[in-house]
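Scroll down for the structure; my scribbles are underneath it.
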Amino acid sequence: MKSSFRDTRLIQDTREAGELLARGMLVAFPTETVYGLGGAIDQPGAVEGIFAAKGRPADNPLIVHLVERSVLEKVVLAIPPMAQELMDQFWPGPLTLVFKKQAWVSSLVTAGLDSVAVRSPANPIAREILLECKCPVAAPSANRSGRPSATTWQSVLEDLNGKVDAIFQGESCAVGIESTVVDCTGSQPELLRAGAVTLEQLRSIRPDTVVLKRTHAAVNSPGLRHKHYQPQAKVILVNDLSRIEPKKDAGMICMTPHASAAGFGLYVQVSEMERYASQLYEFFREADRKQLAEIYCEGVPTSGLGAALMDRLSRAAES
Ligand code: TXA
Ligand code: MG
């Protein structure tokens with residue numbers, strides 16, 4: 001049987017990363033949201049390799065990353081006015097838009113859908129790599145399927161060593177949770193996944209933006225029905241921290257300080273919502289490294305970035 005082992009190299013050169021991608025190799029690289037596991041969509045075997053490396057179910061479509069308008073036009077059938085307006089305001093950045101796809105874009109990328117999700121990341125390393133490789137790059141989050149997304153290169157290595165060709169040693173991700181996903185294939189923008197570009201911001205440009213009902217999510221955004229963002233530890237969402245007794249085999253992440261912080265096996269207090277988002281997945285992973293049994297996460301109000309944070313927290317807390 002053919003071995004799927006790959007000799008994983010750590011790299012720091014964007015040109016090398018771009019060249020490897022252009023040759024069909026798998027390269028993990030930083031974006032402002034989370035690390036992505038990249039493969040060029042026009043190279044045979046690269047997209048299959050992504051699914052194999054992650055252990056990702058084939059019915060979960062990938063986001064295509066690009067920088068140049070000319071590459072976007074190669075991938076999508078048309079750019080509707082709603083998409084153009086959102087791109088003008090939020091690209092480059094943590095916003096993914098869903099378009100009708102060009103016929104040549106492999107159904108492996110889109111999990112059989114006739115639409116394709118596209119994002120133009122703001123992270124300068126990601127942009128240099130994409131410019132260097134010149135081709136559209138599919139990149140799901142660079143974690144083993146079912147684990148929390150990786151926001152540091154060390155966490156990518158922890159999950160994907162021996163499964164990808166290279167990992168770019170960039171900085172930790174500024175945003176820390178995955179991009180906002182908006183479907184632009186209908187008559188009005190439809191928010192499929194909350195992220196750092198908030199509903200309020202979307203509506204300031206397109207007041208007609210609607211939110212996908214979670215009951216319909218499985219049909220319209222297949223990725224949302226899979227288990228996501230879950231550490232091994234049991235995640236418990238709490239609103240009143242004072243009721244929680246400290247335990248050495250428990251962790252806590254919160255904005256309100258807890259009176260017995262030192263009593264927890266892992267304790268992370270963040271000063272603001274942005275920090276909560278950027279620290280969350282590394283907190284989950286650290287809890288697993290310490291083999292904690294449970295972790296307490298303080299709930300936040302669901303306005304602004306809080307909507308995305310509560311989406312991830314409540315998914316992680318699902319049993
Ligand atoms: O921030 C991010 O978006 C990161 C970085 C690496 O860019 N990527 C990421 O990819 O989070 P992934 O594969 O973990 O999540 C992709 C999401 C899934 O929820 C999937 O269902 C949705 O995008 N998606 C992809 N193509 C779609 C399509 N054609 N229609 C609807 N949803 C789609
Ligand atoms: Mg993911």
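No hydrogens, no waters, no symmetry mates; every other heavy atom, side chains included, goes into these values. Start at 1 and go down the list; that is how both ligands and their atoms are numbered.
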Just wondering, more than 12 heavy atoms not from E272 lying within 6.0 Å of its CD?
yes
Report the C-alpha distance between T14 and R127 in whole Å, list the side-chain angles of each, state the deciding distance to 0.1 Å, and finish with yes or no for side chain to side chain donor-acceptor pair (under 3.5 Å).
CA-CA 9 Å; T14 53; R127 296 185 73 75; over 6 Å; no
Any donor-acceptor N or O pair under 3.5 Å, side chains R193, T96
no
List every atom of ligand 1 that sits less than 4.0 Å from any heavy atom of L192, numbering the atoms from 1 in the order shown and giving each element.
31 (C), 32 (N)
Any nitrogen or oxygen of S115, side chain or backbone, less than 3.5 Å from one on ligand 1?
yes
Going by the order shown, which atoms of ligand 1 are within less than 4.0 Å of some heavy atom of S141?
8 (N), 9 (C), 10 (O), 12 (P), 14 (O)
I'd like to check the side chain to side chain donor-acceptor pair (under 3.5 Å) partners of E286; sequence neighbours left out, ordered by chain and number.
R289
Test applied, ring-ring contact (aromatic ring centres under 6.0 Å, His included); reference residue, H258; option that passes from Y267, F264, Y296
F264
Proximity to ligand 1 by part of A139, non-hydrogen separation under 4.0 Å
backbone
Tell me, please, if N143 has any N/O/S atom, main chain or side chain, under 2.8 Å from the Mg ion (ligand 2)?
no
List the steps, then state whether side chain to side chain contact (heavy atoms under 4.5 Å, CB included) holds for L37 with K163.
CA-CA 11 Å; L37 169 54; K163 300 185 186 308; over 6 Å; no
Listed by chain and number, what are the side chain to side chain contact (heavy atoms under 4.5 Å, CB included) partners of E19, not counting sequence neighbours?
R15
For atom 28 (C) of ligand 1, which candidate among I50, N143, L37, L113 holds the nearest heavy atom?
L113
So the atoms of ligand 1 within less than 4.0 Å of a heavy atom of L62 turn out to be 25 (C), 26 (N)
Region of T110 that comes within reach of ligand 1 [heavy atoms, distance under 4.0 Å]
neither
If you count the atoms of ligand 1 from 1 in the order shown, which ones are under 4.0 Å from a heavy atom of H65?
5 (C), 6 (C), 7 (O)
Quick one: does E200's side chain have a donor or acceptor within less than 3.5 Å of a partner on G304's backbone?
yes
Would you kindly specify which portion of R56 sits under 4.0 Å from ligand 1, judged on non-hydrogen atoms: side chain, backbone, both or neither?
side chain
Out of R193, E32, R119, whose heavy atom sits nearest atom 11 (O) of ligand 1?
R193
Do N143 and R147 pair up side chain to side chain, a donor and an acceptor below 3.5 Å, judged on atom types alone?
no
Given V118, T33, N60, V98, identify the one with the heavy atom nearest to atom 20 (C) of ligand 1.
N60
Given S149, A138, G36, P94, which one has a non-hydrogen atom that is nearest to atom 6 (C) of ligand 1?
G36
